[in-house]
Each structure stands twice: as C-alpha cells, then as structure tokens.
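For reference, the structure is listed below as structure tokens.
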Amino acid sequence: MACSLNSSFQTSNLRTVFLGKKNEVCVSSVPVNRVGFLRKTVVCKESRIGKQPIQVPSNVTITLEGQFLKVKGPLGELSQSYPREVNVEREEPGTLKVKKAMETRRANQMHGLFRTLTDNMVVGVSKGFEKKLQLIGVGYRAMLEGQDLVLNLGFSHPVRMAIPDGIKVKVEDNTRITVSGYDKSAIGQFAASVRRWRPPEPYKGKGVKYADEIIRRKEGKAGKKK
C-alpha cells in the first residue's frame with residue numbers, strides 16, 4: 001500500500017514539473033486542426049561540363065541534320081549520332097552547345113558525356129591528339145615495318161600489330177612510341193592494345209607504359225631487411 005502511494009506521488013510530481021506548475025510557468029495549448037506541407041518543385045541542375053559552349057575554329061566545317069552531326073577539318077572527318085535525351089544547337093557562328101531535351105536521370109548523364117565527345121571531335125579534326133608509350137626492359141624494342149608495328153617484348157616471337165586507318169605511329173630510339181591521329185577514342189584504344197601485351201610490373205618496372213604514367217613500385221624479397 002505504501003509503495004503504491006509513493007509511486008503515485010512521484011508520478012504527480014513529474015506531471016507537475018512537466019506542466020510547469022512547480023516553477024510557476026504557464027503552458028498554453030494551441031489547438032491544431034490541420035498540418036500543411038509546402039511542396040517545392042525540384043529543378044535538375046545542368047552539368048558543369050555540359051553547359052559549356054564549344055568553340056568551332058574557322059577551318060572546321062559542321063553539318064547538323066537533326067540528331068546527326070558531321071565535323072570535317074584539315075586532319076579528317078568524324079560524325080556522331082545523339083540520343084533523344086540531348087540536342088545539339090548552333091547558338092551563334094562558330095559556337096555549338098549541347099542541351100538537355102528532358103529532365104531525367106539519363107539526360108543528366110548524357111549531357112556532359114556528349115558535350116565532351118563533341119568537343120573531342122572538333123579538336124581532333126583541327127589539332128589532333130596523341131598518346132606516347134615507352135618500352136622499359138632489356139631487349140625490349142619496337143620498329144615499323146610498312147603498316148605494321150613490330151614489338152619485341154621478351155616473348156619467343158615478335159608481336160606484330162596492324163596500324164588502323166587514320167592513325168599514325170612513330171618510333172624513336174626503338175623504345176618510344178607516339179600514336180597520333182584525329183579520333184581520340186581510336187588512338188586510346190590502339191595505345192591500350194599495345195600496352196596490354198606487356199603491362200608494367202611493380203617490382204622492376206619492366207613493360208610497356210604510358211609516358212606520363214607513374215608506376216607504384218614494390219620492394220622485392222631480396223631487398224627486404226632481415
């Protein structure tokens with residue numbers, strides 16, 4: 001009986017403190033009939049890369065037909081088809097701009113991608129691109145035989161690679177290879193194919209690497225301190 005009286009007394013004290021009567025604080029109650037929420041329209045932001053205009057040099061000719069773009073310059077000719085999520089427009093002479101045609105997640109993804117592809121086309125046919133490779137290793141060397149690139153990379157036989165059309169290959173000092181052309185994707189693909197025959201290993205660095213590639217070296221067992 002005493003326990004029940006104590007518990008009820010403590011509960012009443014807690015209620016008094018909560019309601020503010022003990023500290024003489026007036027608590028007013030405001031009836032709330034309806035709670036409303038404000039809905040804000042979310043507008044997708046443009047890609048930081050996609051919204052940048054593309055400058056077209058005077059020696060480059062552009063043909064735009066709907067979703068198909070053809071670019072012709074002193075080094076070659078390239079074309080590109082665009083998805084329905086993006087549009088290519090001429091805003092003023094010598095300027096192209098890639099815009100979103102709809103507000104979707106895929107449109108946001110395509111916006112920056114196709115702006116970069118379009119810029120690569122314009123730069124490629126006017127200035128061109130190049131990739132440089134370097135052969136590191138005893139007996140590793142490269143040479144040109146007609147339209148083929150011949151590599152000696154420590155195999156039992158030399159590796160012969162046909163050079164695709166639109167790509168130029170130059171070999172210096174038998175160990176430095178320069179791949180150049182107007183199609184950036186084709187240049188990167190051919191350079192990656194050359195490197196794939198003998199990727200650089202992390203202990204001595206032997207293999208085929210890009211000229212600006214940094215190889216993280218590992219310490220061999222012989223070099224470790226006991």
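Both Leu64 and Val71 are part of a single hydrophobic cluster, where members link through side-chain heavy atoms under 4.5 Å apart. Two different hydrophobic clusters hold Val169 and Leu75 under the rule that ILVMFWY side chains link at heavy-atom gaps under 4.5 Å. With hydrophobic clusters built from ILVMFWY side chains whose heavy atoms lie under 4.5 angstrom apart, Trp197 shares a cluster with Phe190. Cluster membership for Tyr140 and Leu144, using ILVMFWY side-chain heavy atoms within less than 4.5 angstrom, is shared. When the side chains of ILVMFWY residues are joined at heavy-atom separations under 4.5 Å, either directly or via intervening members, Leu96 and Val86 end up in a single hydrophobic cluster.
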Show the numbers, then the answer: is there a side chain to side chain contact (heavy atoms under 4.5 Å, CB included) between Val179 and Val194? CA-CA 10 Å; Val179 183; Val194 175; 5.7 Å; no
Which is it for Phe114 and Glu85 under the side chain to side chain contact (heavy atoms under 4.5 Å, CB included) test, yes or no, and what are the steps along the way? CA-CA 10 Å; Phe114 277 90; Glu85 286 83 5; over 6 Å; no
Does the pair Ile62 and Arg90 meet the rule for a side chain to side chain contact (heavy atoms under 4.5 Å, CB included), with working shown? CA-CA 10 Å; Ile62 289 181; Arg90 287 186 180 182; 3.4 Å; yes
Does Lys206 form a side chain to side chain contact (heavy atoms under 4.5 Å, CB included) with Val138? I'd like the steps, not just the answer. CA-CA 8 Å; Lys206 293 175 58 177; Val138 178; 5.8 Å; no
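The side-chain heavy atoms of Val150 and Val159, taken from C-beta on, include no pair separated by under 4.5 Å. Side chains of Leu135 and Asn174 form no contact here, defined as non-hydrogen atoms less than 4.5 Å apart. With contacts defined as side-chain heavy-atom distances shorter than 4.5 Å, the pair Arg141/Val171 does not qualify. At least one side-chain heavy atom of Tyr182 sits less than 4.5 Å from a side-chain heavy atom of Leu78. You'll find the side chain of Thr118 reaches within 4.5 Å of the side chain of Tyr82, heavy atoms only. Side chains of Pro53 and Glu91 form no contact here, defined as non-hydrogen atoms less than 4.5 Å apart. Val208 has its side chain out of reach of Ile177: every pair of non-hydrogen atoms, C-beta onward, lies at least 4.5 Å apart. At a threshold of 4.5 Å between non-hydrogen side-chain atoms, the residues Ile136 and Lys209 count as touching.
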Side-chain donor-acceptor contacts of residues 119-131 below 3.5 Å, not counting sequence neighbours, with atom names and distances?
residue : atom : partner : partner atom : Å
Asn120  : ND2  : Thr116  : O            : 3.3
Ser126  : OG   : Val122  : O            : 2.8
Ser126  : OG   : Val123  : O            : 3.2

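The side chain to side chain contact (heavy atoms under 4.5 Å, CB included) check on Ala192 picks up Arg196, Tyr210, with sequence neighbours excluded. For Asp165, there are no salt bridge (Lys or Arg N to Asp or Glu O under 4.0 Å) partners at least two apart in sequence or on another chain.
Looking at Arg217, its side chain does come within 3.5 Å of a backbone N or O of Lys204 through a donor-acceptor pair. Between the Gln67 side chain and the Pro83 main chain, a donor and an acceptor come within less than 3.5 Å of each other.
Nearest heavy-atom pair across Ala142 and Leu151 is CB-CD2, 3.5 Å. Between Arg115 and Val98, the shortest heavy-atom distance links the atoms CA-CG2, 3.9 Å. Minimum interatomic distance between Pro200 and Ile215 (heavy atoms only, all atoms of both residues): CB-CD1, 3.2 Å. Closest approach of Ser81 and Phe68 over heavy atoms only: OG-CD1, 3.4 Å.
Separation of atoms CD (Gln134) and CD (Glu213) is listed at 10.5 Å; rounding is to 0.5 Å. For the atom pair Asn152 CG and Met143 CE, the distance stands at 5.5 Å (nearest 0.5 Å). Rounding to the nearest 0.5 angstrom, the gap separating the NZ atom in Lys99 from the NZ atom in Lys51 is 13.5 Å. Interatomic distance, CG of Asn87 versus NZ of Lys97, reported as 13.0 Å (0.5 Å rounding). The CG atom of Asn59 sits 12.5 Å away from atom NZ of Lys72, with the distance rounded to the nearest 0.5 Å. Note: Met110 CE to Leu113 CG = 5.5 Å, rounded to the nearest 0.5 Å.
Counting non-hydrogen atoms of neighbouring residues, nucleotides and ligands closer than 6.0 angstrom, the CD atom of Gln55 exceeds 12 such neighbours.
At a threshold of 4.0 Å, the pair Lys70-Glu65 does not count as salt-bridged, since none of the basic side-chain nitrogens sits closer than that to a carboxylate oxygen.
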